[in-house]
Amino acid sequence: DSDHALVVYTEEGGAQMSAVVNRLQGLTGAGVVKLNSGGPPRHDPTLASAGGAVYLAWREPVSSPPTDGGWSAEYDELFVQKLVWNGQTLDASSAPISLPRREVHRVGDQVRPSLVSVPLAPGGGILAAWEDLFVTNFDGQSKYADVVLELIPTPILRTAGVQ
């Protein structure tokens, strides 16, 4: 809101931390809070506000990476989570979902997520962008990435079978 700013950053080892800062009083509420307690490391956080909520996106390693030890286009995935600020506390209890809506963009390495708020009727929206390394595009090493853009109305709703 106009009096508070949300800060999200990643510490060494992939601990994703958040803090709400009041423009007059500094750090508020519970102070600095770890968002991924017990979960996989998170990197490259990005935030956008839309539809009365804040959306956080990040990159994390896949749960079962290829075991051959070389580079793979299946190493990282992107996620998004809705955060709600009630003026006192930040609610980060909603479940993260895959940032790419279409299955074709979930297969393969996604990196460098970015979110920006956009005016989209009726409740606002987010424009998401990321670099996507499709498995079929590269033979063992990647020289190039595709930049994928996705316009997402908020609140984010996914149909059955799609996260």
Side-chain angles (χ1 to χ4, degrees), residues 1 4-21 27-66 72-135 147-163:
D1 60 30
H4 298 88
L6 174 62
V7 178
V8 177
Y9 62 95
T10 301
E11 289 186 343
E12 187 174 346
Q16 191 175 71
M17 310 303 282
S18 71
V20 176
V21 180
L27 201 58
T28 64
V32 177
V33 176
K34 186 173 181 181
L35 293 175
N36 60 329
S37 294
R42 294 180 179 181
H43 302 279
D44 306 330
T46 180
L47 296 163
S49 176
V54 176
Y55 292 88
L56 167 66
W58 68 88
R59 171 184 60 86
E60 70 182 47
V62 296
S63 56
S64 300
S72 173
E74 297 179 4
Y75 276 149
D76 296 306
E77 296 176 347
L78 303 181
F79 293 90
V80 64
Q81 181 178 19
K82 180 180 177 179
L83 308 174
V84 178
W85 172 251
N86 68 8
Q88 302 266 331
T89 59
L90 183 67
D91 179 3
S93 63
S94 68
I97 59 174
S98 176
L99 178 59
R101 184 184 79 238
R102 297 184 59 216
E103 187 68 35
V104 67
H105 294 298
R106 289 187 204 158
V107 178
D109 197 18
Q110 300 112 32
V111 296
R112 295 184 183 88
S114 184
L115 301 178
V116 64
S117 302
V118 294
L120 184 65
I126 298 169
L127 179 63
W130 64 88
E131 289 184 28
D132 204 324
L133 310 176
F134 293 94
V135 176
V147 174
V148 178
L149 300 174
E150 190 171 291
L151 183 59
I152 307 170
T154 58
I156 300 174
L157 302 173
R158 301 278 171 93
T159 59
V162 178
Q163 282 190 347

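Along the sequence shown, residues carry numbers from 1. Computed from a prediction, not measured in an experiment: that's the story for all the values here.
Considering only heavy atoms from C-beta on, L35 comes within 4.5 Å of L56 through its side chain. P100 has its side chain out of reach of V148: every pair of non-hydrogen atoms, C-beta onward, lies at least 4.5 Å apart. Looking at L127 and L120, their side chains never come closer than 4.5 Å, going by heavy atoms from C-beta outward. When side chains are defined from C-beta on, P96 counts as touching R42, because their heavy atoms get closer than 4.5 Å. Counting heavy atoms from C-beta outward, W130 and R112 have side chains that stay 4.5 Å or more apart. In this structure, the side chains of V32 and Y9 come closer than 4.5 Å at one or more pairs of heavy atoms. Counting heavy atoms from C-beta outward, I126 and T154 have side chains that approach closer than 4.5 Å.
Residue pairs satisfying the salt bridge (charged side-chain N to carboxylate O under 4.0 Å, His left out) criterion with at least one member in residues 48-62, sequence neighbours excluded, are listed as follows: D44-R59, R59-D76.
Taken to the nearest 0.5 Å, the CD atom of Q81 stands 11.0 Å off from the CG atom of L47. Once rounded to the nearest 0.5 Å, the distance linking CH2 of W85 with NE2 of H4 reads 4.5 Å. The distance from the NZ atom of K82 to the CD1 atom of I156 is 9.0 Å, given to the nearest 0.5 Å. Remark: L78 CG to T46 OG1 distance equals 10.5 Å, nearest 0.5 Å.
Nearest heavy atom pair, residue G125 against residue A50, reads O-CB, 3.6 Å. Between N36 and Q16, the closest heavy-atom pair is OD1-N, 2.8 Å.
Taking the side-chain contact (heavy atoms from CB on, under 4.5 Å) definition, one finds that P41 meets it with H43, P61, sequence neighbours left out.
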For the pair V21 and V7, evaluate side chain to side chain contact (heavy atoms under 4.5 Å, CB included) and give the outcome as yes or no after the intermediate values.
-> CA-CA 8 Å; V21 180; V7 178; 4.2 Å; yes
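Between the side chain of S117 and the backbone N or O of S49 there is at least one donor-acceptor pair closer than 3.5 Å.
The side-chain contact (heavy atoms from CB on, under 4.5 Å) test with L90 is passed by exactly one of L83, V33, V54: L83.
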